[in-house]
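In this chain, numbering begins with 1 at the start of the sequence shown. Every number for a ligand or one of its atoms is a count from 1 in the order of the listing.
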Amino acid sequence: MIMNPAEIEKLGINSTGTIHYNLSYDELIDHELKNGECEQANNGAMMVDTGIFTGRSPKDKYFVNQDPSNKYIAWGNVNQPTTKEVFDDLFQNVTGQLSGKDLYVMDLFTGASEASKRNVRFVSEIAWQAHFVKNMFIRPLKKELEGFSPDFTVLNACKTVNENYENQDLHSEVFIIFNIEENIAIIGGTWYGGEMKKGIFSMMNYWLPLEDKLSMHCSANVGKAGDTALFFGLSGTGKTTLSTDPERALIGDDEHGWDDDGIFNFEGGCYAKVINLDAKNEPEIYGAICKDALLENVVADADGNVDYEDGSKTENTRVSYPIEHIVNHEPSLQAGHPENIIFLTADAFGILPPVSKLSKEQAMYYFLSGYTAKVAGTERGITEPVATFSACFGEAFLPLHPTVYAKLLGEKIDKHGVNVYLVNTGWTGGGYGVGKRMSIKDTRACINAILDGSINSGEFNTTKTFRLKVPKTLGSIKPEVLNPRTAWADKEAFDTSRDTLAEMFIENFKKYQGLEGNFDYSEAGPKVGS
Ligand code: ATP
Ligand code: MN
């Protein structure tokens, strides 16, 4: 299809170059090779190096502080304000950069539900970036492109940097700025595609709750009986890995909405981590890496064989692919109200049990806490895990206050009688450096027991301090794995670590005490000495 250049001119871009509009995969691959942007792996996937940035730049993300959105935005470190003047200034840089260039324009959808769908237009100079958004967002049919009018436009001028940032009170040469009132975002200084993906996610997290719909950082799948499961979790906790299940149809691996009709994916593709990807452990994801997939920052040999164990460019090696690459996916990208919700956490302290059943109050507590633990950079010899608390398991993408999302989730859990579980995909038998990561096999066994209901047929123990309900036995999982204290050789070390972690939870939760609307679920949290 051809795009009318007036569509680009009205953005203030002087469009004397060629506009490559909604190219097919084959056309994109041709451009990527011709432009020297990518190489092709021997599995058919394209490989790109994303440049200096191999992850997002959260400190460079801003919203324009203006009426009326400024009344709703929860301003702070996550949602930093900038002015309309700064936006207009940088908008000039961006349109100047894109003027006179050959451009790649992609018109796509976010939100699989008709009632929540938004039209999004991406403009970039780089073919692989068009490829990335084509993989990640919902691809319109040809007839849906007729008369397509964007609800939101992303202008990606990654080649421009902002030298004037200090005078503008910005953090660096990189900028990702959202202008909600004008329905435009501008990007400069970073080539990383995740800014476009998570940028639109942030917008959905703004729009939907204002319509009383819940937006969520979670993956989702549905069983043959129509039972839906959601998997919440911060980065690296297993949303993508665990929702990709040969026995259950994949709805989506990262971003969903939940309205009165059920749940729906925001996206049309997946974005999987590929560091140490193993064909035996994760055959569906391994198999999805073929033509049309786009690998990022991986290392391959001269024959195009990818070495997934090589993290020399970054540990955050990734692949994006359209969801159709997962054979067992649900084409509507929608499903009914969930029966089970699983909170994933990768607890590198090795304290939380591999699976526990949460009360409603505990569910709210762990949702607002949004805990996981990262392993600190080993290059400096640090082996201590670092606790991360990110509300709703995705605070970095939430323009509104976390309690807005928590309130909606709580109402839906009550209304639909949803069971909620906490699953630790992190360490067992000791913290990082002593214990080891839970096997994917054991984690899957816990999840299967949740999904087939068998977890509820046995008895539960209640742990000390965290007071979590843990099944006494669970299928093939060794009882010593089910109870983390038993799994540790050094019980005293366990008790000390457990209390340290409990104190971190308690300290973090103080911000929810005394808030309007009573979000003080601290009674459901850990209590040291009990
Ligand atoms: P993001 O939000 O960044 O996309 P994610 O929650 O989707 O993160 P995954 O991509 O699923 O996280 O990453 C989980 C990683 O941890 C994978 O590389 C997976 O192979 C590895 N892993 C190791 N052990 C486990 C386990 N027990 N459960 C789940 N994943 C595990
Ligand atoms: Mn993921």
Strictly by modelled atom types, are [X] and [Y] linked by a side-chain donor-acceptor pair under 3.5 Å?
{"X": "Tyr371", "Y": "Asp347", "result": "yes"}
{"X": "Asn316", "Y": "Thr54", "result": "no"}
{"X": "Thr486", "Y": "Glu480", "result": "no"}
{"X": "Thr314", "Y": "Asn297", "result": "no"}
{"X": "Ser113", "Y": "Lys213", "result": "no"}
{"X": "Asp310", "Y": "Ser312", "result": "yes"}

For residues 225-252, the ring-ring contact (aromatic ring centres under 6.0 Å, His included) pairs (sequence neighbours left out) are Phe232-Phe343, Phe232-Phe367

Where is the nearest protein heavy atom to [atom]: which residue, which atom, and how far?
{"atom": "atom 12 (O) of ligand 1", "answer": "Gly238 N, 3.3 Å"}
{"atom": "atom 20 (O) of ligand 1", "answer": "Glu282 OE2, 2.6 Å"}
{"atom": "atom 31 (C) of ligand 1", "answer": "Arg437 NH2, 3.5 Å"}
{"atom": "atom 26 (C) of ligand 1", "answer": "Ile440 CG1, 3.7 Å"}
{"atom": "atom 17 (C) of ligand 1", "answer": "Thr241 OG1, 3.6 Å"}
{"atom": "atom 2 (O) of ligand 1", "answer": "Lys239 NZ, 2.7 Å"}
{"atom": "atom 28 (N) of ligand 1", "answer": "Thr425 CB, 3.6 Å"}
{"atom": "atom 4 (O) of ligand 1", "answer": "Arg318 NH1, 3.1 Å"}

Which ligand 1 atoms does Thr237 reach within 4.0 Å, using its non-hydrogen atoms?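 So the atoms of ligand 1 that pass are 6 (O), 12 (O).
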
Under 4.0 Å from a heavy atom of Leu234: give me the atoms of ligand 1 that qualify, with their elements.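 Under 4.0 Å from Leu234, ligand 1 has these atoms: 6 (O).
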
Between [X] and ligand 1, is there a nitrogen or oxygen pair with a distance under 3.5 Å?
{"X": "Gly236", "answer": "yes"}
{"X": "Asp253", "answer": "no"}
{"X": "Ser235", "answer": "yes"}
{"X": "Leu242", "answer": "no"}

Tell me the contacting part of [X] for ligand 1: side chain, backbone, both, or neither, using a 4.0 Å heavy-atom threshold, strictly below.
{"X": "Lys436", "answer": "neither"}
{"X": "Thr240", "answer": "both"}
{"X": "Asp254", "answer": "side chain"}
{"X": "Ser439", "answer": "backbone"}

Between [X] and [Y] (salt bridge meaning N to carboxylate O under 4.0 Å), is one present in this structure?
{"X": "Glu195", "Y": "Lys61", "value": "no"}
{"X": "Asp259", "Y": "Lys412", "value": "no"}
{"X": "Glu211", "Y": "Arg118", "value": "yes"}

Could you name each residue pair satisfying salt bridge (Lys or Arg N to Asp or Glu O under 4.0 Å) that touches residues 453-477, not counting sequence neighbours? Glu459-Lys472

If you apply the rule side-chain hydrogen bond (donor to acceptor under 3.5 Å, both in side chains), what do you find for Glu296 with Tyr271, and how did you get there? CA-CA 10 Å; Glu296 296 175 10; Tyr271 196 33; 2.7 Å; yes

Taking only protein atoms, how many N, O or S atoms are found under 2.8 Å from the Mn ion (ligand 2)?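 Every protein N, O or S atom under 2.8 Å from the Mn ion (ligand 2) counted, the figure is 1.
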
Suppose we screen for side-chain hydrogen bond (donor to acceptor under 3.5 Å, both in side chains). Which residues come up paired with His401, at least two apart in sequence or across chains? Thr403

Determine the sole option in Lys198, Arg318, Lys273 for which the salt bridge (Lys or Arg N to Asp or Glu O under 4.0 Å) test with Asp254 is passed.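 Among Lys198, Arg318, Lys273, the one meeting salt bridge (Lys or Arg N to Asp or Glu O under 4.0 Å) with Asp254 is Lys198.
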
Using heavy-atom distances, let me know which of Lys273, Met438, Lys197 sits nearest atom 10 (O) of ligand 1.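 Looking at heavy atoms only, the winner is Lys273.
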
Check whether Tyr25 forms a cation-pi arrangement with Lys134 (NZ or CZ under 6.0 Å from the six-membered ring centre, at most 45° off the ring normal). yes

